[in-house]
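Note sheet for the following structure.
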There are 2 protein chains.
Amino acid sequence: MPKGAAQALLAAAESEAGTRGAPPPAGRNLLFLREEELRLAQDLLFFGYRDFTAGADAILADLGMGRAHHRVLHFVGRWPGITVGDLLGILAITKQSLGRVLTPLVEEGYVTQAPGRTDRRQRLLSLTEKGAALERRLFERQRETIMQAYREAGPQAVEGFRRVMRGLMGEEARAALARLEAPAEREGK
Amino acid sequence: MPKGAAQALLAAAESEAGTRGAPPPAGRNLLFLREEELRLAQDLLFFGYRDFTAGADAILADLGMGRAHHRVLHFVGRWPGITVGDLLGILAITKQSLGRVLTPLVEEGYVTQAPGRTDRRQRLLSLTEKGAALERRLFERQRETIMQAYREAGPQAVEGFRRVMRGLMGEEARAALARLEAPAEREGK
DNA sequence: GAAAATGCGTCAACAATGCTGACCAAATTC
DNA sequence: GAATTTGGTCAGCATTGTTGACGCATTTTC
């Protein structure tokens, strides 16, 4: 597909998507282009996500862990002192599924649990040094992948990537992300 | 970390990401900002991909299928007449894993197999009407998600999204994607 | 202060989707 | 005609998700 066509395609998609109102041409062909564009997004997400996770997966496999362990390490590292309930909310899995990876992580000394100060039923989760070290190792691996993609694409593309990815997320994920990005209000509220 | 700091962090990351050029401060701090930026990418990919697939997953669950079935429907639909070997290459899974979803899809009339014309060992895969109908239903569901994200983000962001996602992919995935996007040379080569 | 709700853990069973290893049949290639 | 390639299948295993049902400690509510 020549570059000009891609540009036209974008413009057409945009105009039909609805801001300005230049009446779209042909119609049938335009519909095809739009569909092709969206199918490309499916492809990109499949290949991109798979390869993004591949590096960390390899490290984890050596330790007898899986992607689920990484997620716990990632989000506990991102939000130290998080409660089990909040972690369940972020991951959107069941307590049993989380338990299967969290319990071993605690037993093997990657994660610590501390009783909540205001509510002693809670187990506030944090990474141990060992856990932080592993998380960092996994991060460094993914960092390479992301940095390369960011460098190749350029800063403007990065901003666009962020905007689109945010748009793909549902309400709950956006809320969770907002909380992750504003780590101020943990203890208080 | 006080709220102001988080704001400053985001702003700084933004300015470093690129357009305006106030020279970035400290350096140690700058390294930290870069890391935050990359961790955000991890978050975005996790939440975004999960929610992107959620809609189709729900439809599939009703039919007793999973994401793996969808992938087969998607890529067979995208490349009618694909051989089993090529499909294995695109999905990057084992023959056994593919067989577990492909065989039922054939048996239940979603996918047809035709012996290759030049090489009769091959089974050229295509969607039946039933298969195309299901694939379309799944596509329509994801289309909504993507279209909304694209609309919210704007055409420039879409281009950036594509560039970054491409950058995340490894060599093999890029090659596979290139073949998918240039569906001309199927039979011949 | 008793009752209800909440936070967390656990046992048991099941499903989807990866994997390895082994082996077979048909067709093609050398 | 032997070796290779393409595809299928059986058997077993691991990860990670699911329901459903309890149990315990603690907090909240009446």
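Lettering of chains follows the sequences in order, A, B, ..., and the numbering in each one begins at 1.
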Check your understanding: Residues from residues 46-74 of chain B sitting under 4.0 Å of DNA chain D, heavy atoms only?
Key -> none
Study note, to complete from the structure: For B:Q122, the side chain to side chain donor-acceptor pair (under 3.5 Å) test, sequence neighbours excluded, returns none
Review point. Can a donor-acceptor pair be found between the side chains of B:E144 and B:Q148 at a distance below 3.5 Å?
Key: no
Review point. Excluding sequence neighbours, so at least two apart, what forms side chain to side chain donor-acceptor pair (under 3.5 Å) with A:Q113?
Key: none
Point to revise | Contact boundaries on DNA chain D for chain A, cut-off under 4.0 Å to non-hydrogen atoms | key: D:dT15 to D:dT27
Check your understanding: Can you pull the salt bridge (charged side-chain N to carboxylate O under 4.0 Å, His left out) pairs that have at least one residue in residues 40-49 of chain A, sequence neighbours excluded?
Key -> A:D43-B:R78
Check your understanding: With sequence neighbours excluded, what pairs up with A:E140 under the salt bridge (Lys or Arg N to Asp or Glu O under 4.0 Å) test?
Key -> A:R136, A:R143
Practice item. Check side chain to side chain donor-acceptor pair (under 3.5 Å) between B:T94 and all other residues, then give those that pass, not counting sequence neighbours. Key: B:S97
Practice item. Check the distance between C:dG7's P and A:I82's CD1 and give it to me in whole angstrom. Key: 14 Å
Practice item. Identify whether any heavy atom of A:G99 sits under 4.0 Å from a base atom; if not, whether one sits that close to sugar-phosphate; answer base, sugar-phosphate or nothing. Key: nothing
Exercise for review: Please identify each residue that fulfils ring-ring contact (aromatic ring centres under 6.0 Å, His included) with B:F139, with sequence neighbours left out.
Suggested key: none
Can you give me every donor-acceptor pair (side chain of residues 58-67 of chain B, partner residue at least two apart or in another chain, under 3.5 Å) with its distance?
from: B:R67; atom 1: NE; to: B:D57; atom 2: OD1; distance (Å): 3.4
from: B:R67; atom 1: NE; to: B:D57; atom 2: OD2; distance (Å): 3.3
from: B:R67; atom 1: NH2; to: B:T53; atom 2: OG1; distance (Å): 3.2
from: B:R67; atom 1: NH2; to: B:D57; atom 2: OD2; distance (Å): 2.7

Check your understanding: Do any pairs count as a salt bridge (charged side-chain N to carboxylate O under 4.0 Å, His left out) and have a residue in residues 87-116 of chain B, sequence neighbours left out, and if so which ones?
Key -> none
Check your understanding: How would nucleotides 19-30 of chain C be written as a contact map, 5' to 3', with B for base contact, S for sugar-phosphate-only contact and - for no contact, using protein heavy atoms under 4.0 Å?
Key -> BBBB---BBS--
Review point. Excluding sequence neighbours, so at least two apart, what forms side chain to side chain donor-acceptor pair (under 3.5 Å) with A:R39?
Key: A:E35, B:E135
